[in-house]
Amino acid sequence: MKQFDVTPVAARLAEKPVTLLQFARSAGRNMLEVIPAETLRETYVRGPLNIHYFCDPEIITELLVGQGRAFPKAKFTKDIIGSAVGNGLILSEGEKWRQQRRRYSPLFAARNLPTLARYFAETGNEVADSLAENEGPVDVAQIAPASTLANISRVIFSGNEEVSAEQIRVGLIAYFKYISDISLFDLMGLPKWLPRKKWLSSRAPVTTMRELARQVIEQRRSENRSEPRDFLDFMIEALKTDFEDEETTVDNLLTFVVAGHETSANALAWGYYLLALNPEMQHKIREEILAARSEGLVEYSDLEAMPLLRAHVKETLRLYPSAAFFARDASESVKIKDVSIEKGDALFFPVYSLHRNERLWEEPNEYRPERFLGASLPRGQYIPFGDGPRICIGAQYAETEIMVLMASVLRRVNFTLGKAQIPEPVLTFTMRTSGPLILEAERVS
């Protein structure tokens with residue numbers, strides 16, 4: 001079998017019914033293990049107790065955009081990450097959420113992306129130089145988060161005299177490790193006063209990052225820059241005309257840090273793997289990138305000339321969506337198509353299954369980036385960033401970051417498969433690799 005005909009690695013979903021206790025135990029280490037494999041074949045699956053699994057684009061659209069658009073995030077989602085990101089944009093509800101969404105939408109406007117893309121390109125060139133000078137096996141599951149971590153330091157924490165880059169790096173690594181430790185009790189929805197295992201470990205990663213965030217916000221405000229130069233400047237500019245209390249601002253800064261780091265890092269790692277698996281496509285994408293920008297920093301405006309790279313990124317997020325699962329709680333009873341939903345029911349959206357559902361996609365498990373060249377898909381079928389009012393506010397930011405980093409690296413480096421075993425996808429806070437993802441990197445002559 002030719003290398004580029006190999007089917008990409010897939011997750012193992014639950015082939016047998018899962019009890020509530022099994023659900024909680026397994027979901028803590030890998031949420032994909034408790035999603036019924038039936039969701040890959042059917043567009044609606046009724047789970048145990050009051051759980052519904054939806055892979056029907058029409059029902060999904062009605063729940064996220066129509067009748068269910070005001071349904072709140074699932075309680076267990078808030079229990080899992082609430083201690084780390086507080087009550088910022090990702091978890092707040094009602095009027096508080098609407099105010100924050102209105103306040104921060106200008107940050108992610110297209111007009112700001114050219115400025116931010118230059119920082120992404122600087123990081124991309126540094127990664128490309130390093131890989132080109134150190135050819136051989138490389139763990140892209142380490143390289144990718146290091147890239148997005150560098151971007152966070154550049155666009156949020158740069159230029160701060162009181163907080164060093166190393167403090168930020170060490171603090172963020174500890175912070176991400178803490179929030180990825182999912183509590184069994186949280187998944188089971190048990191009361192917050194019951195002790196969690198993670199309570200035995202120090203909450204220092206969270207308190208440290210909150211303090212660092214507070215410091216950089218205060219210092220940047222004191223500088224009173226006339227023109228915004230990075231993401232933090234854009235954020236502070238937005239708050240000049242729409243007041244927000246300091247703790248909510250810290251919540252939101254950390255929310256943007258978490259969401260931006262995880263989503264892009266996972267897509268980069270899986271994206272490099274898919275190109276190593278498909279050398280002909282990697283060659284075509286490299287030619288496209290070189291034709292648009294052969295040297296220097298990749299610019300935001302260059303991305304328009306890279307439709308194949310964009311299609312590759314979209315196909316990567318189809319096969320390996322970073323937000324591979326999310327949930328809502330039904331706050332009222334509704335009936336959509338032939339499905340009756342009662343108030344209090346748990347609405348599960350297994351995005352991983354939706355994106356690979358055999359009723360919706362031709363060759364769902366195969367890498368086919370051409371799916372996204374000129375074709376339009378029914379709404380609700382492809383939702384790597386969600387949909388409706390709560391669609392990820394940073395979707396354009398993430399796609400720009402991934403494309404600029406990938407374009408910068410692929411100009412200089414070619415990835416191939418080595419002898420190392422490819423890890424399976426696992427889903428905790430986001431969908432990652434279950435271990436090192438070793439590829440061979442070689443300098444492009």
Side-chain angles (χ1 to χ4, degrees), residues 113 115-158 165-166 168-177 180 230-232 256-276 282 285-286 289 293 296-300 302-303 306 309-310 312-313 316-317 320 322 394-415 423 429-433 436-444:
L113 293 175
T115 298
L116 299 175
R118 292 186 200 105
Y119 293 102
F120 304 156
E122 289 174 11
T123 299
N125 280 2
E126 289 173 1
V127 173
D129 289 343
S130 176
L131 291 173
E133 292 167 10
N134 299 279
E135 296 177 286
V138 58
D139 181 5
V140 293
Q142 291 282 342
I143 293 293
S147 302
T148 57
L149 196 59
N151 281 341
I152 287 169
S153 295
R154 278 195 156 101
V155 304
I156 295 178
F157 296 105
S158 64
E166 182 62 13
I168 296 299
R169 191 187 73 82
V170 171
L172 285 174
I173 290 172
Y175 179 73
F176 291 130
K177 184 174 185 296
S180 297
D230 62 14
F231 183 88
L232 185 56
F256 299 148
V257 164
V258 171
H261 171 70
E262 288 278 337
T263 308
S264 299
N266 293 330
L268 283 167
W270 290 117
Y272 292 140
Y273 157 66
L274 287 171
L275 292 177
Q282 183 176 179
I285 290 175
R286 180 174 295 108
I289 295 166
R293 178 71 64 175
L297 294 178
V298 174
E299 298 279 346
Y300 176 70
D302 297 331
L303 302 183
M306 302 179 191
L309 175 61
R310 189 180 299 276
H312 164 68
V313 171
T316 299
L317 289 170
Y320 304 106
S322 298
Q396 270 191 296
Y397 174 103
E399 189 173 89
T400 299
E401 180 180 27
I402 295 163
M403 288 187 68
V404 170
L405 286 171
M406 201 168 275
S408 303
V409 169
L410 291 175
R411 288 187 306 184
R412 301 280 312 284
V413 179
N414 186 65
F415 291 106
F429 182 66
T430 56
M431 193 168 77
R432 311 167 174 176
T433 63
L437 180 46
I438 308 296
L439 303 178
E440 296 292 326
E442 57 186 4
R443 183 171 55 252
V444 174

Visitor: Side-chain contact, heavy-atom cut-off 4.5 Å: Leu275 with Phe415?
Guide: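 No, every pair of side-chain atoms sits at 4.5 Å or beyond.
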Visitor: Can you find a heavy atom in the side chain of His312 that is under 4.5 Å from one in the side chain of Gln282?
Guide: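 His312 does not reach Gln282 side chain to side chain.
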Visitor: Is there any ring pair (Phe, Tyr, Trp, His ring centres under 6.0 Å) pair reaching into residues 120-152, and which pairs are they, with sequence neighbours excluded?
Guide: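 Every ring pair (Phe, Tyr, Trp, His ring centres under 6.0 Å) pair that includes a residue of residues 120-152, provided the two are not neighbours, is Phe120-Tyr397.
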Visitor: Any non-hydrogen side-chain atom of Leu131 less than 4.5 Å from a side-chain atom of Val409?
Guide: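 Result yes, sub-4.5 Å side-chain heavy-atom pair found.
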Visitor: How many angstroms lie between atom CD1 of Ile402 and atom CG of Leu303, to the nearest 0.5 angstrom?
Guide: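 So the gap between those two atoms works out to 11.5 Å.
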Visitor: According to the interplanar angle, ranging from 0 to 90°, do the rings of Phe256 and Phe231 count as parallel (below 30°), tilted (30 to 60°) or perpendicular (above 60°)?
Guide: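 Perpendicular.
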Visitor: Can you tell me how far CG of Leu113 sits from CD of Glu399, rounded to the nearest 0.5 angstrom?
Guide: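 Rounded to the nearest 0.5 Å, the CD-CG separation comes to 10.0 Å.
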Visitor: After noting the C-alpha distance and the side-chain angles of Glu442 and Val413, does the key distance pass the side-chain contact (heavy atoms from CB on, under 4.5 Å) rule?
Guide: CA-CA 6 Å; Glu442 57 186 4; Val413 179; over 6 Å; no
Visitor: Using 0.5 Å steps for rounding, measure from the OG atom of Ser130 to the CG atom of Asn125.
Guide: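 Those atoms lie 12.5 Å apart.
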Visitor: Test side-chain contact (heavy atoms from CB on, under 4.5 Å) on Ile289 and Arg411 and set out the steps.
Guide: CA-CA 7 Å; Ile289 295 166; Arg411 288 187 306 184; 3.3 Å; yes
Visitor: Just by distance, do the side chain of Arg286 and the backbone of Leu410 share a donor-acceptor pair under 3.5 Å?
Guide: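 Flag set: sc Arg286 to bb Leu410 pair under 3.5 Å.
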Visitor: Checking side-chain contact (heavy atoms from CB on, under 4.5 Å) for the pair Val155/Leu232: CA distance, chi angles, key distance, verdict?
Guide: CA-CA 7 Å; Val155 304; Leu232 185 56; over 6 Å; no
Visitor: Verify side-chain contact (heavy atoms from CB on, under 4.5 Å) between Ser264 and Glu401, making sure each step is shown before the conclusion.
Guide: CA-CA 7 Å; Ser264 299; Glu401 180 180 27; 2.7 Å; yes
Visitor: Do Pro436 and Gln142 have side chains that get closer than 4.5 Å, going by heavy atoms?
Guide: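 No - every pair of side-chain heavy atoms lies 4.5 Å or more apart.
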Visitor: When you compare the side chain of Asn151 with that of Leu405, does any pair of heavy atoms fall below 4.5 Å?
Guide: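 A side-chain contact under 4.5 Å exists here.
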Visitor: For residues Pro145 and Ala265, report the shortest heavy-atom separation together with the two atoms involved.
Guide: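 Minimum heavy-atom contact is CA-CB, 3.6 Å.
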Visitor: Identify the heavy atoms of Trp270 and Pro423 that sit nearest to each other, and give their distance.
Guide: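 Heavy-atom minimum between the residues: CH2-O, 3.9 Å.
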Visitor: Can you name the closest pair of heavy atoms from Ala128 and Ser408 and give their distance?
Guide: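 Here Ala128 and Ser408 meet closest at CB-O, 3.6 Å.
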Visitor: Could you verify whether a donor N or O on one side chain and an acceptor N or O on the other, from Arg443 and Asn414, lie under 3.5 Å apart?
Guide: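 Side-chain D/A pair, Arg443 to Asn414: absent.
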Visitor: Quick one: pull up OH in Tyr272 and CG in Leu439 and give me the separation to the nearest 0.5 Å.
Guide: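 Result: 10.5 Å between the selected atoms.
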Visitor: Got a donor-acceptor contact below 3.5 angstrom from the Asn266 side chain to the Ser322 backbone?
Guide: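 No.
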Visitor: With side chains defined as the heavy atoms from C-beta onward, is the minimum distance between Glu135 and Glu440 less than 4.5 Å?
Guide: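 Result no, sub-4.5 Å side-chain heavy-atom pair not found.
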Visitor: Does the side chain of Arg412 reach to within under 4.5 Å of the side chain of Val444, using non-hydrogen atoms?
Guide: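 The answer is no, as the side chains (C-beta and beyond) never meet within the 4.5 Å cut-off.
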Visitor: So, Asp139 side chain and Leu437 main chain: donor-acceptor pair closer than 3.5 Å or not?
Guide: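 Checking the backbone N and O of Leu437 against the side chain of Asp139, a donor-acceptor pair under 3.5 Å is found.
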Visitor: Under 4.5 Å between any side-chain heavy atoms of Tyr273 and Thr316, yes or no?
Guide: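 Answer no - side chains too far apart.
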Visitor: How many angstroms lie between CG in Asp302 and CG in Leu309, if you round to the nearest 0.5 Å?
Guide: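 Rounded to the nearest 0.5 Å, the CG-CG separation comes out at 11.5 Å.
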Visitor: Check Asp230 with Arg154, please: is the shortest side-chain N to carboxylate O separation under 4.0 Å?
Guide: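 So Arg154 does not pair with Asp230 through a salt bridge.
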